[in-house]
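Here the structure is laid out as structure tokens; the discussion comes afterwards.
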Amino acid sequence: MAGILDGKAFSKKILENIKEKCEKEGLKPGLAVILVGDDPASSVYVRMKEKRCKELGFVSKGYKLPADTKEEELASLIEKLNNDDEIDGILLQLPLPSHLNSKKMLELISPEKDVDGFHPVNAGKLFTGQDAFIPCTPRGIIELLKEYKIEMEGKNAVVIGRSNIVGKPMAILLLNENATVTICHSRTKDLKEVASQADILIASIGRPYFVSGDFVKEGAVVVDVGVNRVDSIEQGEKLFGKGSEKLKKIKEKGYVLVGDVNYEEAFPKASFITPVPGGVGPLTIAMLMKNTLESHLRRKNR
Ligand code: GUN
């Protein structure tokens, strides 16, 4: 039976420390958040980021641009924020509408204000072991594992998913902790077999309940990055079974949010596991705030 890696409690502690430091030292870090279009999930994330900023006393500037915003318009907003001395961090919420080139837009953000760590300069610095902004979700996972004193050195770590936001930086960070790292993806052969060798298993695929119990080695540490919305009763029956609490939730609320890991199957085998919600999710925002504070300190001391 697994111990719970309580990301919610840990992120609360991190945020309290940030708030205390800012109050004590009279710091006012600034974060700008840009949302293009009205994707409902992105709108929720952006609201949460702005709420955290206010709670911590950060300067928070929110920009909601229409879905048909042109590249030049977004580029000129980014340029303005690059030159805004009150702003230490610029976050461009992804995904962008399809007519906008995300790579090109992310490259316009000054690497010194790139608190998401998505700019190629920061990705390259991370890759070559230099000081850099580290993407928030993988950074949060490493800090969570350290908080629970989970040994990484010499362990087999398997990352499922190869995104620039989570999978790739996660693998580098685990490598920096001296884990033996394998990255799996949609073309991996015998994925289940590879995953079941993991002492530390990170699931970041975006498919509800994809990681079943037989992916999980007895005693493994399981980290579930997925947040998947299941809103069909038919799919709910298949994934969770008739008469399950989750199916009941779909019928009551219209949907349920679940991770990439089949929690009920993984829980009895794992030594530690992150729940969804309340595991990795809250840590992403806590790390965004931490990156913004660190950016502020760096820029002030320049
Ligand atoms: N979309 C999903 N996750 C993220 C994130 O961490 N940062 C940004 N900017 N967009 C996202």
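Counting starts at 1 for both ligands and their atoms, in listed order.
One side chain, Tyr209 or Lys246, offers a donor N or O that lies under 3.5 Å from an acceptor on the other. With hydrogens and angles left out, the side-chain atoms of Thr128 and Gln130 include a donor and acceptor closer than 3.5 Å.
No more than 12 heavy atoms of other residues, nucleotides or ligands sit less than 6.0 Å from atom CG of Asp38.
Closest to atom 11 (C) of ligand 1 among all protein heavy atoms lies Gln93 NE2, 3.4 Å. The shortest contact between atom 8 (C) of ligand 1 and any protein heavy atom is with Asp116 OD2, 3.3 Å.
By the 4.0 Å N-to-carboxylate-O rule, Glu177 lies close enough to Lys146 to be salt-bridged with it.
For Tyr45, no heavy-atom contact with ligand 1 is shorter than 4.0 Å.
Taking hydrophobic clusters as Ile, Leu, Val, Met, Phe, Trp and Tyr residues chained together by side-chain heavy-atom distances below 4.5 Å, Ile134 shares a cluster with Leu297.
Atoms of ligand 1 found under 4.0 Å from any heavy atom of Leu92, numbered from 1 in the order shown, are 8 (C), 9 (N). Ligand-side atoms of ligand 1 in range of Leu91: 9 (N), range being under 4.0 angstrom from any heavy atom.
One option in Leu94, Ile34, Thr284, Asp39 has a heavy atom closer to atom 2 (C) of ligand 1 than any other, and that option is Leu94.
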